[in-house]
Student: 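Structure in structure tokens, see below.
In what follows, chains carry the letters A, B, and so on, assigned in the order in which the sequence lines appear, proteins first and then strands, with residues in each chain numbered from 1. Computed from a predicted structure; not experimentally measured.
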Amino acid sequence: MSDVVNEAEEDGGGSDFIRDIVRADLQAGRHQGVVTRFPPEPNGYLHIGHAKSICLNFGIAEEFGGRCHLRFDDTNPTREEQEFIEAIQTDVRWLGFDWGEHLHFASDYFEQLYQWAEGLIEAGKAYVDDLPVDEMRAYRGSLTEAGRNSPYRDRAVAENLDLFRRMRAGEFPDGARVLRAKIDMAAGNMNLRDPVLYRILHSAHPRTGTDWCIYPNYDFAHGQSDAIEAITHSLCTLEFADHRPLYDWLLEAIGVDERPRQYEFSRLNLSHTALSKRRLTQLVEEGCVDGWDDPRMPTVSALRRRGVPAAAVRDFISRLAITKSDGLVEMAMLEHCIREQLNVDAPRRMAVLRPLKVVIENYPEDESEMLTAQNHPGNADMGSREVPFSRELYVERDDFMEDPPRKFFRLGPGREVRLRYAYFITCNEVIKDDDGEVTELRCSYDPETRGGNAPDGRKVKGTIHWVSAAHAVDAKVRLYEHLFNSEEPPSGDDFLADLNPNSLEVLPQAWLEPDLANLPAGQTVQFERMGYFCRDSANDAVFNRTLGLRDSWAKIKGKS
RNA sequence: UGGGGCGUAGCCAAGUGGUAAGGCACCGGGUUUUGAUCCCGUGAUCGCAGGUUCGAUCCCUGCCGCCCCAACCA
């Protein structure tokens, strides 16, 4: 066994390349402790891709006895809102993480950032540029051609300083001038071709209001915020790798003592969904879904509303490796984690989603009895409950076939099945309406089989769930499927054409066992044989399906 | 004048100079008062081509392929 593995076992961490670096840094004494940060821009809701970053940053802090900050990268007031600031905190907490005292905002550092910018100007490392956007683009060159110096590049320090102060004072309109770092217009790395550091934005900020009309951009705010907060390891996704030389250049230029280091890992891509803020925003704004927390969305709030346990999300993330290779993780992986968690935790209940009336002809009218049902077949500690049984019941339509194929174990004319936790029943007669639609089954029950076992030892192949018609509670049920048909929805605006038209199915009339009347929103249960469900947080009369159970019968049926 | 990153089974991946962990999916089989769960079992010579070596997925060289970068977004 290698040392790395031994050490990983000792400190409880994994051993991906980032944790290996952290471990090595700590051992070499390069840092006193580890400090990470999760730095969302408050311009949308968190999705499961962010969960990867959250689990990584908070996870590493936990494993190495350090701390992790929640920092809002709020440097662009034109896109950011208080609503998002609050939602993000709710989501991070729900995922199970705590930033303690360390809730920070890049906007808290605006004054310090401004002072550093003046320092850069004084050192001749930054200048005010008057080039309009399109000209600046032209001067920047292309991927294969060097850029050219702006005609304003060699302005005197005093003039730069004066202009920059007047930018701050609000003397110029949006877009009139910017502050740029003076680096190298011929750099192969585009980020080094005199990147913009500050722009004029006469726009109110959710936190600083109208105090500022110039705002630093990402590159001038991020590394500096890391430095201010004494972040040791600044973890971000791969697309920022090209920014690292600039990150380092700026920290060097402003002269911070303890330099944070940036490391990049690949972002999460999940099949059958979209994980870019642009696309998710579009889905919401164009009404393709019912909001950011529509249970079909990959957002954290949607997962919560759908009944997915936070522990399942964490488990899913922990099975992902932190690497630099970009891939597409199958949704089935997430679904497995959800089922695995819920299989252990979710109490069992009975509910009939697509009802078919059953009348037990030999059961007395106006009578009922209570039968005992286990709350979890594999965990007696979860106890049991009483379920009412009477002459008229509902069973699942799919549990009856008039002309059953081989290997169909459920109800059919003349067949006997077990009603879970109740009795054996036999189907004697099939009632249909004028259209030939089956409307009711007339059955008889065997009183000797109370509880589900026959004293004579006879067996039945099928066990189906049921609900007493007179006692049942009614509800609407929403079933969800993948949001997109393709594993990887096409890039570009046509991705909407790939939306799965059947991603939402509403069952108008389901019948639940009475106990479910009191189920609080947020508690996910298993409807036996049907899947995991929870009450919708926005509508008491609705239950959402978190996920169906694995269904090998559907596979058998699909093959024939 | 281009820069950066990545290629190990269908998917996510571990790994090392001595002949490829694990998880998911799939497919078989067993148990079962959920066709669930649970339990068993099945698959790769490591992008390609050369080279170094007793021996290479691992080292070298050359190809090929994929991703990111030309916002006053983050």
Side-chain angles (χ1 to χ4, degrees), chain A residues 2 5 15-16 39-41 43 73 75-76 78-80 129 131-133 136-138 140-147 174-180 186-193 195-201 214-215 217-219 221-222 236-245 264 266 271 277-278 316 319-321 323-337 339-340 343-344 348 350 373-374 376-378 407-410 418-422 424 451-453 459-465 487 526-531 548-557:
Chain A
S2 74
V5 173
S15 67
D16 54 71
E41 180 188 14
N43 69 341
D73 230 329
T75 57
N76 186 349
T78 66
R79 328 199 301 170
E80 296 154 6
D129 197 346
L131 242 30
V133 229
M136 196 181 292
R137 186 181 308 122
R140 190 154 30 230
S142 73
L143 293 178
T144 52
E145 292 166 309
D174 288 5
R177 297 178 218 268
V178 294
L179 183 72
R180 289 230 256 174
N189 182 341
M190 302 296 287
N191 293 111
L192 265 17
R193 319 246 266 225
V196 169
L197 267 25
Y198 266 92
R199 72 282 212 198
I200 301 171
L201 250 26
I214 59 171
Y215 292 91
N217 66 183
Y218 170 82
D219 289 299
H222 202 95
C236 63
T237 44
L238 242 29
E239 64 269 28
F240 291 100
D242 286 347
H243 292 247
R244 183 166 12 99
E264 311 88 19
S266 63
S271 75
K277 197 133 13 175
R278 193 204 108 230
F316 169 66
R319 294 180 193 227
L320 266 24
T323 67
K324 285 165 114 66
S325 63
D326 45 19
L328 181 68
V329 177
E330 291 173 344
M331 185 66 86
M333 179 92 88
L334 207 212
E335 292 173 345
H336 168 80
C337 296
R339 288 197 185 97
E340 191 174 66
N343 177 51
V344 173
R348 312 289 128 122
M350 291 198 286
Q374 299 301 312
H376 191 114
K407 296 210 259 189
F408 182 80
F409 305 149
R410 286 112 94 153
R418 171 167 41 232
L419 293 180
R420 179 138 237 229
Y421 298 123
F424 286 10
N453 286 303
K459 304 287 184 196
V460 286
K461 288 279 268 195
T463 299
I464 65 176
H465 58 99
E487 281 209 316
Q526 183 191 98
F527 289 175
E528 293 211 48
R529 304 206 309 133
M530 301 308 288
L549 261 24
R550 289 182 71 226
D551 187 353
S552 56
W553 166 243
K555 281 178 191 165
I556 295 169
K557 203 169 53 172

Student: Between A:Arg199 and B:A74, is there a side-chain N or O to OP1/OP2 distance below 4.0 Å?
Tutor: yes
Student: Is any side-chain heavy atom of A:Met136 closer than 4.5 Å to one of A:Arg180?
Tutor: yes
Student: Distance check, rounded to the nearest 0.5 Å: A:Asn43 atom CG versus A:Asn76 atom CG?
Tutor: 8.0 Å
Student: Roughly how many Å apart are B:U8 and B:U57, using the C1' atom of each and rounding to a whole number?
Tutor: 7 Å
Student: Starting at CG of A:Leu320, measure out to CG of A:Asp16 and round the result to the nearest 0.5 Å.
Tutor: 11.0 Å
Student: Check every strand shown and say whether A:Lys407 touches a base, only sugar-phosphate, or nothing at a heavy-atom separation below 4.0 Å.
Tutor: base
Student: Quick check for you: to the nearest 0.5 Å, what is the distance between A:Glu41 atom CD and A:Tyr218 atom OH?
Tutor: 11.5 Å
Student: Remember a base hit wins even if backbone is also touched, and classify A:Leu179 as base, sugar-phosphate or nothing at under 4.0 Å, heavy atoms.
Tutor: nothing
Student: Using heavy-atom distances to pick each residue's nearest nucleotide on RNA chain B, tell me which of A:Leu549 and A:Ala176 is more 5'.
Tutor: A:Leu549
Student: Return the nucleotide paired to B:C59: Watson-Crick means purine N1 to pyrimidine N3 with N6-O4 or O6-N4, wobble means G-U with N1-O2 and O6-N3, both under 3.5 Å.
Tutor: B:G51
Student: For B:G5, does the base pair up with any side-chain atom of A:Glu264 as donor and acceptor (N or O, under 3.5 Å, distance only)?
Tutor: no
Student: Within less than 4.0 Å of OP1 or OP2 of B:C72, is there a side-chain N or O belonging to A:Arg140?
Tutor: yes
Student: If you compare every side-chain N and O of A:Ser325 against the phosphate oxygens of B:C12 (OP1, OP2), does one of them come in below 4.0 Å?
Tutor: no
Student: Is any side-chain N or O of A:Arg550 closer than 4.0 Å to OP1 or OP2 of B:C26?
Tutor: yes
Student: Can you tell me how far the CG atom of A:Leu549 sits from the CE atom of A:Met530, to the nearest 0.5 Å?
Tutor: 9.5 Å
Student: Of the nucleotides B:C73, B:C69, B:A36, which one has an atom closest to the side chain of A:Asp242?
Tutor: B:C69
Student: Taking atom C1' of B:G35 as reference, at what distance in whole Å does atom CZ of A:Arg418 sit?
Tutor: 13 Å
Student: Among B:C11, B:G23, B:G5, which nucleotide sits nearest the side chain of A:Met333?
Tutor: B:G23
Student: Does A:Arg529 have a side-chain nitrogen or oxygen under 4.0 Å from the phosphate oxygens OP1 or OP2 of B:G35?
Tutor: yes
Student: B:C67 and B:A25: how far apart are their P atoms, nearest whole angstrom?
Tutor: 28 Å
Student: Check whether any side-chain nitrogen or oxygen of A:His465 sits under 4.0 Å from OP1 or OP2 of B:U34, and answer yes or no.
Tutor: no
Student: Name the nucleic acid region contacted by A:Glu528, choosing base, sugar-phosphate or nothing; use a 4.0 angstrom heavy-atom cut-off, strictly under.
Tutor: base
Student: Considering every strand shown, what is the Watson-Crick or G-U wobble mate of B:A71 when both distances are under 3.5 Å?
Tutor: none
Student: With nearest nucleotides of RNA chain B determined for A:Gly452 and A:Gly141 from heavy-atom distances, which residue corresponds to the more 5′ nucleotide?
Tutor: A:Gly452
Student: Could you give the distance separating B:C46 and B:G35 at their P atoms, to the nearest angstrom?
Tutor: 44 Å
Student: Could you tell me which nucleotide pairs with B:U32 by Watson-Crick or G-U wobble geometry, both distances under 3.5 Å, or answer none if nothing does?
Tutor: none
Student: Rounded to the nearest angstrom, tell me the gap between atom CG in A:Leu192 and atom P in B:A70.
Tutor: 14 Å
Student: Taking the C1' atom in each of B:A36 and B:U31, what is the distance between them to the nearest angstrom?
Tutor: 13 Å
Student: What does A:Phe408 touch in the nucleic acid at a heavy-atom separation under 4.0 angstrom: a base, only the sugar-phosphate, or nothing?
Tutor: base
Student: May A:Trp553 be described as stacking on the base of B:G35, applying a 5.5 Å centroid limit and a 30° limit on plane angle?
Tutor: yes
Student: Is a donor-acceptor contact shorter than 3.5 angstrom present between the side chain of A:Arg410 and the base of B:G35?
Tutor: yes
Student: If you round to the nearest 0.5 Å, how far is OG of A:Ser266 from CD of A:Glu239?
Tutor: 10.0 Å
Student: Is A:Arg137 near enough to B:A71 that one of its side-chain N or O atoms lies under 4.0 angstrom from OP1 or OP2?
Tutor: yes
Student: Report yes if at least one side-chain N or O of A:Thr323 is closer than 4.0 Å to OP1 or OP2 of B:A13; otherwise report no.
Tutor: yes
Student: To the nearest angstrom, how far is A:Asn343 atom CG from B:C24 atom C1'?
Tutor: 16 Å
Student: Among the candidates B:U34, B:C12, B:G35, find the nucleotide nearest to the side-chain atoms of A:Asp551.
Tutor: B:G35
Student: What integer distance in Å separates A:Leu201:CG from B:A71:P?
Tutor: 17 Å
Student: What's the gap between B:C24 and B:A13 when it is taken at their C1' atoms, as a whole Å value?
Tutor: 11 Å
Student: Once you apply the 3.5 Å cut-off to both distances, tell me the Watson-Crick or G-U wobble partner of B:G41, or none.
Tutor: B:C27
Student: Rounding to the closest angstrom, what is the interatomic distance between B:C11 and B:G43 at atom C1'?
Tutor: 14 Å
Student: Expressed as a whole number of angstroms, how long is the span from A:Asn191:CG to B:C69:P?
Tutor: 10 Å
Student: Out of B:C12, B:G3, B:C72, which nucleotide sits closest to the side chain of A:Val196?
Tutor: B:C72
Student: Measuring from A:Arg199:CZ to A:Tyr215:OH, what's the distance to the nearest 0.5 Å?
Tutor: 9.5 Å
Student: Name the nucleic acid region contacted by A:Tyr198, choosing base, sugar-phosphate or nothing; use a 4.0 angstrom heavy-atom cut-off, strictly under.
Tutor: nothing
Student: Could you tell me how far apart A:Leu131 (CG) and B:A71 (P) are, to the nearest whole angstrom?
Tutor: 13 Å
Student: According to the Watson-Crick and G-U wobble definitions, with both distances under 3.5 Å, which nucleotide is paired to B:G65?
Tutor: B:C6
Student: With sugar-phosphate meaning primed atoms plus P, OP1 and OP2, does A:His243 contact a base, only sugar-phosphate, or nothing at under 4.0 Å between heavy atoms?
Tutor: base
Student: Is any NZ, NE, NH1 or NH2 atom of the basic residue among A:Glu340 and A:Arg319 found under 4.0 Å from an Asp or Glu carboxylate oxygen of the other?
Tutor: yes
Student: Check the distance between B:C27's P and A:Ile556's CD1 and give it to me in whole angstrom.
Tutor: 10 Å
Student: Quick one: which of B:G23, B:U34, B:C68 gets closest to the side chain of A:Pro377?
Tutor: B:U34
Student: Below 4.0 angstrom from OP1 or OP2 of B:C27, is there any side-chain N or O of A:Lys555?
Tutor: yes
Student: Is there a Watson-Crick or G-U wobble partner for B:A13 with both distances under 3.5 Å, and which nucleotide is it?
Tutor: none
Student: Hey, are the side chains of A:Lys557 and A:Trp553 touching, using non-hydrogen atoms and a 4.5 Å cut-off?
Tutor: yes
Student: If you measure from the P atom in B:C69 to the same atom in B:A74, how many Å do you get, rounded?
Tutor: 15 Å
Student: Using the P atom in both, what is the distance from B:C26 to B:G62, to the nearest Å?
Tutor: 44 Å
Student: Of the listed nucleotides (B:A36, B:A25, B:G35), which one gets closest to any side-chain atom of A:Ala332?
Tutor: B:A25
Student: Looking at A:Gln374, is its backbone amide N or carbonyl O close enough to the side chain of A:Arg348 to form a donor-acceptor pair, meaning the two atoms are under 3.5 Å apart?
Tutor: no
Student: Is A:Arg348 side chain donor-acceptor paired with the B:U34 base, going by distance under 3.5 Å alone?
Tutor: yes
Student: Any idea which of B:C12, B:C73, B:U34 is nearest the A:Thr463 side chain?
Tutor: B:U34
Student: State which of B:A74, B:A25, B:A13 makes the closest approach to the side chain of A:Ala321.
Tutor: B:A13
Student: What is the distance, rounded to the nearest whole Å, between atom CG of A:Asp326 and atom P of B:C6?
Tutor: 10 Å
